[in-house]
Amino acid sequence: MNVQIHALPLLIGVLCVYAIAYRYYSAFLAAKVAVLDDTRETPATRLRDGHNYHPTHKWVLFGHHFAAISGAGPLVGPVLAAQFGYLPGLLWLVIGVVLAGAVQDFLVLAFSVRRNGRSLAEIARVEIGPVAGVTAAIAILFILVNALAGLGLVVVKALGGETLKRPDGTLWHVAGSSWGTFTIACTIPIALFVGLWMYRIRKGKVVEASIIGAVAVLFCTWAGSLIPGSPLERYFSLSQHGVTIAIAIYGFIASVLPVWLLLCPRDYLSSYLKIGTIAALIIGTMVVNPELKMPALTTFAGGGGPIVPGKVFPFVFITIMCGAISGFHALVSSGTTPKMLSKESHARPIGYGAMLMESIVGVVALIAATSLMPGDYFAINIDLAKQPQWQPVLERMGFVMHDLRAMEAAVGEQLQGRTGGAVSLAVGMAQIFSGLPFFRHLMAFWYHFAIMFEALFILTTIDTGTRVARFLIQEVMGRFSPRMGRPDFLPSTLLSTGMIVVAYSYFIWTGSIDTIWPMFGVSNQLLAVVALAVSGTVLVNVGRARYLWVTVAPMLFVAVTTITAGVQLITQRFIPMLKGDNPALRFRGGLNITLTVIMLTCVLVILADALRRWLAVRNGTAKPVPDLCPAPFDPHRPPDRCC
C-alpha cells in the first residue's frame, strides 16, 4: 500500500473527476432535483432592503460565498489527517465532495432561495415540524459556536505570539506575525472603499472596483513584508489573546454593518487572494511535481497517533470537514448567500461549484503537507513537551527529522513544536513555491505569505459565521417579540451579535487545538446530517421523493461516522479529563461532554422527526408544504432539461 507517487498525476486525476461531476451531476441536480427556474423572482429582488437583501453580481457573490465557506477546514483538516497517510484523506476529499458536500451546499441554497432566504432552522420548523425547528435552532447554535471557535483558534495559532516550553524546561517566546496581521487589517478599509465604489460612487462598475481592490490587496500583501523589523512591528505583533480580542471586534462590526458595505466586498477581495494563490499553488505543484513522502497508510491508521489519537475510522471523517462536507456551509447557504442571489440558475456555480473549488484547496493542502519528510511533519505538529515520548516511536517507523533545521534557518523562525497544522502547511507551500525557477531563495517570503494566506482564508468565514448566527438568534427572539426578530432593528442586531461573539471568544480564549478541533469536527458534521435531513424533507414535501436518495445516502454515512466519533470522543478523551487534578481541565472536560451529548441528542431527535414527516406525507396524513416563491405560469417556457 505504501507506494510513493508524485503529485502531478494525482492532481490531474482529481481535477478531471471534479470537472465531470460539475458538468453532469450538478446539471442533474439543477434540472431534476432543485428544478431551478429563472422566471422566479428571488428574495434578493423581491425583498430588497439595501441591508441584508441585495441582488448581487454572480461572480461577486461567488467570491463572497467561496470566501465565506473556505475557512480553516480545507487547509488544516487534511494536514492533521496526513498522520494516517495520504490515501484516506484523498479518498474522502474526492468522494465526499462530489456525492455529499457539494450536494448539500447546492440544495440548501436552492431551497432557501425558494423560502425567502430563511435559515436552516426556520426551514426545519416549517418543513418538518415545530419540534424539529426548535431542536434544530438549539443544535445549530451550539454547533455554530463550536465551529467559529475552531476556526478562530487556527487564526490565533497562525497570527498570535505565544510562549512555549522546550523539553529542557526553558521558555521560548514566539512573536506574532506582524506581516499577516498588517495585510489582513488593510483589507478592511480596502473593502469599505470597494463597497462604496460599487454601490454608491460608481454604481454597478464591478470591473473597476475589482481592479482597484485587487491591486490594493496585492500592494498591501507586499507592504506587509516591510513591517517586521520596522517601528510599526510592535503595533501589529499581537499575542494570542490580542488576536482573540481583534477577531471578536472585527466579527462584531462585520455582522452589524450593511452586507454590501464590508462583508461582501471584503470577501470578494479575499477571494482574489485565495483563488489566485490556490491557482498558483496548483500550477507550482504541476511544475515542481513533488514526491509524496508520507506513505499511503501509516501505522497510526490503526489508532494511537500523536496528532489525531483515534483510528482512521471514524476520525478521518471529522478531521477533514470542509473540502469533503461541512455543515457550516449550510448556514452560509441559508444565511447571507440566498439573500443576495439575483437568479436561481446562479445557485449551481455558487453552491456546487464553490464547494468543488474548496475541495481542490483541501487536496492541494494535503499534497503540500505530505510532500514534507514524515519526520519533519511530525516534529512540527507534535507539542514540544510531548516530543521526547514520541521520538523513539517515530524513529522505529523510520520517521526522523531530515530537513527541518535547514528550513528553520531559511525562514528565520523555529518550526519544531508549532502545532495546529497551519505552520506545517505553510512550510509545505513554501517548499513548492521555492522549487519554481527563480524562486529558490525566497523560502522566507513564501513561508510568511502562506501564514498570512491561511489567516485571511479563515477570517472571511468568521465574519459570515457571526452574521449567520446573528440571524438565527434574531429568529428565536422574534418568536417572543416580533420587533426583536427584525434584522433591521438595531438593538436586536447589537444584542444578538454580542451574544454570539462573547460565546465563541470564550472558547478561543480558554481552549486548545487538540480539544476544540475534534469538537469542531463532530459538531460540524452533525450539522451536515441536519442539513441533508432537512433537504430530504423539502424534496418529500414538494413531491420529488423519488430523488430522496440524493440526500439520504450521504446523510446516513455522515451520521454513522460522526455519531461513532462523538461517542469515542466522550469515552476516550473527555471523560479522562474529569479525572485530573486541574480544575480548569475538569471543567473543560465536563463542558465538552455536555455540549457533545446535547448535539448528538438534538440530531437524533431531528432525524426521527424527519422520518415521521416523510412517512406522513407518503401515507397522505400530512399536507405538502408549497414553495413560498411560485413561478409565474409561462405556456411557452421550454421544459427543464438535465444536461
Side-chain angles (χ1 to χ4, degrees), residues 72-73 76-81 83-84 88-89 92 96 138-154 300-322 324-328 381-383 386 419-421 504 506-508 510-530 557-580 582 584-607:
V76 176
V79 174
L80 299 178
Q83 77 153 31
F84 299 124
W92 173 229
I138 296 172
I140 291 171
L141 194 56
F142 277 107
I143 289 166
L144 195 53
V145 170
N146 269 292
L148 293 175
L151 295 169
L153 187 62
V154 176
F300 298 131
I307 301 169
V308 182
K311 297 180 180 180
V312 66
F313 180 89
F315 280 92
V316 73
F317 303 106
I318 67 165
T319 303
I320 298 178
M321 298 157 286
C322 306
I325 182 171
S326 168
F328 180 83
N381 285 287
I382 300 176
D383 188 86
K386 299 179 181 179
T419 61
Y504 69 70
Y506 166 78
F507 284 101
I508 298 174
T510 61
S512 59
I513 196 71
D514 62 337
T515 56
I516 286 185
W517 194 263
M519 281 283 292
F520 172 35
V522 169
S523 62
N524 201 16
Q525 303 306 66
L526 287 176
L527 182 54
V529 174
V530 172
F557 179 81
V558 177
V560 170
T561 56
T562 308
I563 292 173
T564 303
V567 172
Q568 291 186 12
L569 275 177
I570 292 174
T571 57
Q572 300 175 11
R573 297 288 303 279
F574 299 150
I575 289 180
M577 293 172 67
L578 300 176
K579 301 176 182 179
N582 189 334
L585 189 63
R586 291 201 304 269
F587 174 78
R588 289 208 306 270
L591 182 62
N592 290 343
I593 292 173
T594 302
L595 291 176
T596 305
V597 170
I598 290 174
M599 290 185 294
L600 289 172
T601 303
C602 287
V603 170
L604 292 175
V605 169
I606 293 170
L607 289 177

Measure the shortest side-chain to side-chain distance between [X] and [Y] over non-hydrogen atoms and say whether it is less than 4.5 angstrom.
X	Y	value
N592	M577	yes
N146	L595	yes
F507	L591	yes
P314	Q568	yes
C322	N524	yes
L604	I563	yes
P309	R573	yes
F84	I307	no

(message) Tell me every residue that passes side chain to side chain contact (heavy atoms under 4.5 Å, CB included) with T594, counting only those two or more places apart in sequence or in another chain.
(response)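 T594: side chain to side chain contact (heavy atoms under 4.5 Å, CB included) contacts with I598.
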
(message) Before we go on, tell me: are the rings of F557 and F317 under 6.0 Å apart, centre to centre?
(response)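 Yes, the ring of F557 comes within the 6.0 Å limit of the ring of F317, centre to centre.
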
(message) Using side-chain contact (heavy atoms from CB on, under 4.5 Å), reason through L569 and V522 one step at a time and then give a plain yes or no.
(response) CA-CA 9 Å; L569 275 177; V522 169; 3.4 Å; yes

Do you know the tightest heavy-atom contact between [X] and [Y]?
X	Y	answer
G421	V79	O-CG1, 3.6 Å
V316	W92	O-CD1, 3.9 Å
T564	V560	OG1-O, 2.7 Å
G566	T596	O-CG2, 4.1 Å
Q525	T562	CB-OG1, 3.1 Å

(request) Carefully, step by step, assess L153 and Y504 under the rule side-chain contact (heavy atoms from CB on, under 4.5 Å). (result) CA-CA 10 Å; L153 187 62; Y504 69 70; over 6 Å; no

(message) Go through it in stages, so that I can follow the logic: the residues are I318 and T561, the test is side-chain contact (heavy atoms from CB on, under 4.5 Å), and I'd like the CA-CA distance, side-chain angles, deciding distance and then a yes or no.
(response) CA-CA 8 Å; I318 67 165; T561 56; 5.9 Å; no

(message) Let me confirm one number: the CG-OG distance from L600 to S523, rounded to the nearest 0.5 Å.
(response)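 Separation between the atoms: 10.5 Å.
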
(request) Determine, step by step, whether M321 and F328 satisfy the side-chain contact (heavy atoms from CB on, under 4.5 Å) criterion, reporting the C-alpha distance in whole Å, the side-chain angles of both residues, the deciding distance to 0.1 Å, and the verdict. (result) CA-CA 9 Å; M321 298 157 286; F328 180 83; over 6 Å; no

